[in-house]
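Below is one structure, written out as structure tokens; the observations come after it.
Small disclaimer: the values here were computed from a predicted structure and weren't measured.
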Amino acid sequence: MNLVSIRIITDDVSKLMEFYEQITQLKGIRYTEDFAELQMANATLAIGSTRTLQFFGGQEVARAAENRTTIIEWITNDVDRIYQEQSAFLTNFLVQEPKTMPWGNRSLLFRDPDGNLVNFFTPVSTDAIKKFEGKI
């Protein structure tokens with residue numbers, strides 16, 4: 001098996017896609033007003049509207065903007081540069097400015113408009129750099 005995507009269910013696909021396009025500087029693909037994707041080399045962030053839940057068993061399968069257990073993580077070669085470039089945009093979403101974690105990653109933590117936690121990180125310790133070699 002190979003994890004290929006994470007899907008966020010939202011009440012506003014356009015708003016969430018615009019947010020992720022801004023912070024990643026990537027262009028998403030909007031297939032319909034209810035489904036869009038942000039594709040990268042190794043994974044895809046899919047964004048589906050609550051209306052798509054009808055295909056998965058109904059509205060009770062998932063609830064938009066209620067996730068408090070998952071962190072969506074993105075590896076980058078310079079989290080501090082991204083923070084400098086995006087700090088004005090991230091002001092209302094910021095949880096933690098870049099900080100070096102005990103496990104060797106320098107992390108920037110914020111929430112998307114639906115409240116999902118997002119972590120941009122750069123490996124900085126020798127072990128972390130080795131662990132993520134070839135992932136950036």
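- Considering only heavy atoms from C-beta on, L16 comes within 4.5 Å of P113 through its side chain.
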side-chain contact (heavy atoms from CB on, under 4.5 Å), that's the test. Do T76 and F121 meet it? Break it down for me. CA-CA 6 Å; T76 180; F121 73 94; over 6 Å; no
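- A 4.5 Å side-chain heavy-atom check between I136 and P123 finds at least one atom pair inside the cut-off.
- Counting heavy-atom neighbours within 6.0 Å of E133 CD, excluding the residue itself, gives a total of 12 or less.
- Put simply, CG on N116 and CZ on R68 are 8.0 Å apart, with the number rounded to the nearest 0.5 Å.
- Nearest approach of A128 to G104, heavy atoms of both residues: CB-O, 3.4 Å.
- Under the 3.5 Å distance criterion, with hydrogens and angles disregarded, a donor-acceptor pair is assigned to the side chains of N67 and T69.
- Q86 has its side chain out of reach of F93: every pair of non-hydrogen atoms, C-beta onward, lies at least 4.5 Å apart.
- The cluster map of Ile, Leu, Val, Met, Phe, Trp and Tyr, joined by side-chain heavy atoms under 4.5 Å apart, puts I9 and I29 in different clusters.
- In this structure, N105 and N119 have side chains that are not in contact, with every pair of non-hydrogen atoms separated by 4.5 Å or more.
- Grouping the Ile, Leu, Val, Met, Phe, Trp and Tyr side chains by contacts below 4.5 angstrom, directly or via other members, places V79 apart from M101.
- Heavy-atom minimum distance, N77 versus R81: OD1-NH2, 3.9 Å.
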Carefully, step by step, assess V118 and W74 under the rule side-chain contact (heavy atoms from CB on, under 4.5 Å). CA-CA 8 Å; V118 180; W74 307 72; 3.7 Å; yes
Report the C-alpha distance between Y83 and F110 in whole Å, list the side-chain angles of each, state the deciding distance to 0.1 Å, and finish with yes or no for side-chain contact (heavy atoms from CB on, under 4.5 Å). CA-CA 11 Å; Y83 177 66; F110 53 95; over 6 Å; no
Would you check, one step at a time, whether the test side-chain contact (heavy atoms from CB on, under 4.5 Å) holds for F56 with R7? CA-CA 13 Å; F56 297 102; R7 183 178 310 190; 3.3 Å; yes
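- The side-chain heavy atoms of L90 and F120, taken from C-beta on, include no pair separated by under 4.5 Å.
- Looking only at distances, no side-chain donor or acceptor of Q59 sits under 3.5 Å from a matching main-chain atom of L53.
- Closest approach of Q96 and L108 over heavy atoms only: O-CD1, 3.4 Å.
- Cluster annotation: L38 and L3 are assigned to the same hydrophobic cluster (Ile/Leu/Val/Met/Phe/Trp/Tyr, side-chain heavy-atom contacts under 4.5 Å, transitive).
- A 6.0 Å sphere centred on CD1 of I6 holds no more than 12 heavy atoms belonging to other residues, nucleotides or ligands.
- Between L109 and L117 the shortest side-chain heavy-atom distance falls below 4.5 Å.
- The hydrophobic cluster containing M40 also contains I8, counting ILVMFWY residues as joined when their side-chain heavy atoms lie under 4.5 angstrom apart, directly or transitively.
- Judged by distance alone, with hydrogens and angles left aside, the side-chain atoms of E85 form no donor-acceptor pair with the main-chain N or O of I82 at under 3.5 Å.
- The heavy-atom pair separating T10 from A64 by the smallest distance is CA-CB, 3.6 Å.
- Rounding to the nearest 0.5 Å places CE of M17 at 8.0 Å from CD of E37.
- I47 and F55 end up in different hydrophobic clusters when Ile, Leu, Val, Met, Phe, Trp and Tyr side chains are linked at under 4.5 Å.
- At least one donor-acceptor pair under 3.5 Å links the side chain of S49 to the backbone N or O of R51.
- With values rounded to the nearest 0.5 angstrom, K131 atom NZ is found 9.5 Å from I75 atom CD1.
- For the salt bridge (charged side-chain N to carboxylate O under 4.0 Å, His left out) condition, the pairs that include at least one residue of residues 101-128, sequence neighbours left out, are D80-R106.
- Between E97 atom CD and S87 atom OG the span is 8.5 Å, to the nearest 0.5 Å.
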